[in-house]
Amino acid sequence: MTAKASLAFSVTPSTHRQSDEERDRILANPGFGTHFTDHMVGIDWTLDQSWHNARVQPYGPLSLDPACSVLHYAQEIFEGLKAYRHVDGSVWAFRPQANAARMQRSAKRLALPPLPEPEFLASIRELVTIDKDWVPSAPETSLYLRPFIIANERFLGVRAAQRAAYYVIASPAGAYFPKGVAPVSIWVSEHYTRAARGGTGAAKCGGNYSASLLPQQEAQQQGCSQVLFLDATEGAYLEELGGMNLFLVRRDGSLLTPSLTGNILEGVTRDSLIQLAKGEGRVVEERKITLEEVRSGMANGEITEAFACGTAAVITPICCIKGNGFTVGQDDAPAGELTMALRKSLTDIQYGRAPDTHGWMTQLA
């Protein structure tokens with residue numbers, strides 16, 4: 001049972017809320033990450049006071065000193081999770097405790113203060129409660145929650161900041177695939193790597209994502225939707241996509257996914273799919289996977305499906321994998337049967353259409 005938060009949240013309602021008509025207009029076609037709710041959460045941290053000043057406040061710009069550590073040394077972390085409206089109007093989060101734990105691990109790696117789980121859970125509950133009307137109800141829609149911590153100390157010395165702030169903002173999210181789940185092609189990057197041994201690959205920090213943008217552009221120039229990174233040591237083993245974990249389905253119905261080596265983000269969706277597949281009696285193998293194994297396996301039919309997974313899309317089918325001098329799979333290949341079955345199993349739990357036998361859902365409002 002989760003402990004009760006030790007901080008009490010003050011609430012300052014926004015005096016400039018969107019009208020019901022404007023909010024309904026936005027929720028009819030929210031897109032992703034372009035519209036934001038009326039409020040946000042803030043909690044301050046200092047070396048001498050620890051976490052304090054927990055509050056719900058109107059959504060608006062932050063005031064930062066030009067010398068803040070986050071602007072010069074990228075000392076920041078973030079999380080991403082969703083709130084889902086169920087048919088009875090209630091609002092639920094999917095495995096927020098796992099996000100809280102991962103944020104603590106990320107904080108440790110970036111020398112930031114870890115936020116206790118009770119405060120993390122209380123912060124998202126406070127925000128969703130006051131902005132409940134922003135949670136869409138159309139199929140495949142949700143309210144995306146973005147908690148983050150930044151080092152906001154005014155200091156240019158190279159050391160861990162002694163002042164930081166935690167915030168949560170929320171954005172209504174439309175269906176990731178508005179025309180149905182669409183398989184994508186991915187490009188194998190041979191010139192860039194996402195993470196190296198001892199680096200920040202397992203932390204959810206902005207630097208990992210900014211470093212992936214150039215290779216992502218390279219993938220798009222090759223006609224692919226996503227980039228796939230190989231390991232930094234040998235350049236032979238699959239790791240993850242720019243923002244998603246990778247799974248392969250073999251002919252016998254078993255699943256294969258790169259093992260967590262410290263270079264790969266421990267995805268909540270990844271872990272959930274492993275549990276679901278094992279619950280169905282399927283073998284799930286986590287190990288190092290060579291690119292050559294995938295190329296030959298997709299060519300000879302040993303590997304029958306591939307998909308990526310993450311919070312935003314849940315599961316994205318992969319139709320083909322391309323790289324310098326090779327293509328395996330076909331651009332017009334349909335989504336795999338097991339891929340779609342796993343996606344349905346997970347989203348049915350998230351939206352309350354199936355029993356939550358794992359205890360994954362937490363009611364927020």
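No side-chain N or O of Gln220 forms a donor-acceptor pair with one of Ser225 less than 3.5 Å apart. At a cut-off of 3.5 Å, with distance as the only test, a side-chain donor of Arg95 or Ser272 sits close to an acceptor on the other residue.
Within the structure, side chain to side chain donor-acceptor pair (under 3.5 Å) pairs that include any residue of residues 124-150 comprise Thr37-Asp131, Asp38-Trp134, His39-Asp131, Glu140-Arg343, Tyr144-Arg146 (at least two apart or interchain). Screening residues 164-178 for side chain to side chain donor-acceptor pair (under 3.5 Å), with sequence neighbours left out, gives Ser123-Tyr166. Pairs engaging residues 192-242 under the ring-ring contact (aromatic ring centres under 6.0 Å, His included) rule: Phe78-Tyr209 [sequence neighbours left out]. Within the structure, the ring-ring contact (aromatic ring centres under 6.0 Å, His included) test picks out the following pairs touching residues 88-111 (sequence neighbours left out): His86-Trp92, Phe94-Trp360.
For Glu280, the CD atom counts as densely surrounded, since its 6.0 Å shell holds more than 12 non-hydrogen atoms of other residues, nucleotides or ligands. No more than 12 heavy atoms of other residues, nucleotides or ligands sit less than 6.0 Å from atom NE2 of His16. Surrounding CZ of Arg163 are at most 12 heavy atoms belonging to other residues, nucleotides or ligands under 6.0 Å away. Atom CZ of Arg197 has 12 or fewer heavy atoms from other residues, nucleotides or ligands within 6.0 Å.
No donor-acceptor pair under 3.5 Å is formed between the side chain of Trp187 and the backbone N or O of Pro215.
Ion pairing of Asp231 with Arg194 is absent here, as no side-chain N (NZ or NE/NH1/NH2) approaches a carboxylate O to less than 4.0 Å. With salt bridges taken as basic N to acidic carboxylate O contacts below 4.0 Å, none links Lys288 and Glu239. Under 4.0 Å is where a charged nitrogen must lie from a carboxylate oxygen, and between Arg102 and Glu266 no such pair does.
Within the model, atoms OG1 of Thr316 and CG of Leu241 stand 8.5 Å from one another, a figure rounded to the nearest 0.5 Å. Taking CG of Leu256 as the start and CD of Glu293 as the end, the distance is 6.0 Å to the nearest 0.5 Å.
Between Leu265 and Asn208, the closest side-chain pair of non-hydrogen atoms is not below 4.5 Å.
Hydrophobic clustering places Ile321 together with Leu230 (ILVMFWY residues linked when any side-chain heavy atoms are closer than 4.5 Å, directly or through intermediates). Put simply, Met298 and Ile289 are part of the same group of oily side chains (I, L, V, M, F, W, Y) that touch within less than 4.5 Å, one to the next.
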Which atom pairs, one a donor and one an acceptor, fall under 3.5 Å between side chains of residues 149-161 and the rest of the protein, sequence neighbours left out?
unit_1 : atom_1 : unit_2 : atom_2 : d
Asn152 : OD1    : Ala164 : N      : 3.2
Glu153 : OE1    : Arg159 : NH1    : 3.0
Glu153 : OE1    : Gln162 : N      : 2.6
Glu153 : OE2    : Arg159 : NH2    : 2.9
Arg154 : NE     : Asp65  : OD2    : 3.0

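Here Asp252 pairs with Ser254 under the side-chain hydrogen bond (donor to acceptor under 3.5 Å, both in side chains) rule; sequence neighbours left out.
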### Task
Could you please spell out the steps behind the salt bridge (Lys or Arg N to Asp or Glu O under 4.0 Å) verdict for Glu22 and Arg17?
CA-CA 10 Å; Glu22 178 63 13; Arg17 296 191 187 202; over 6 Å; no
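Under the 6.0 Å distance and 45° angle rule, Arg55 does not count as a cation-pi partner of Phe9.
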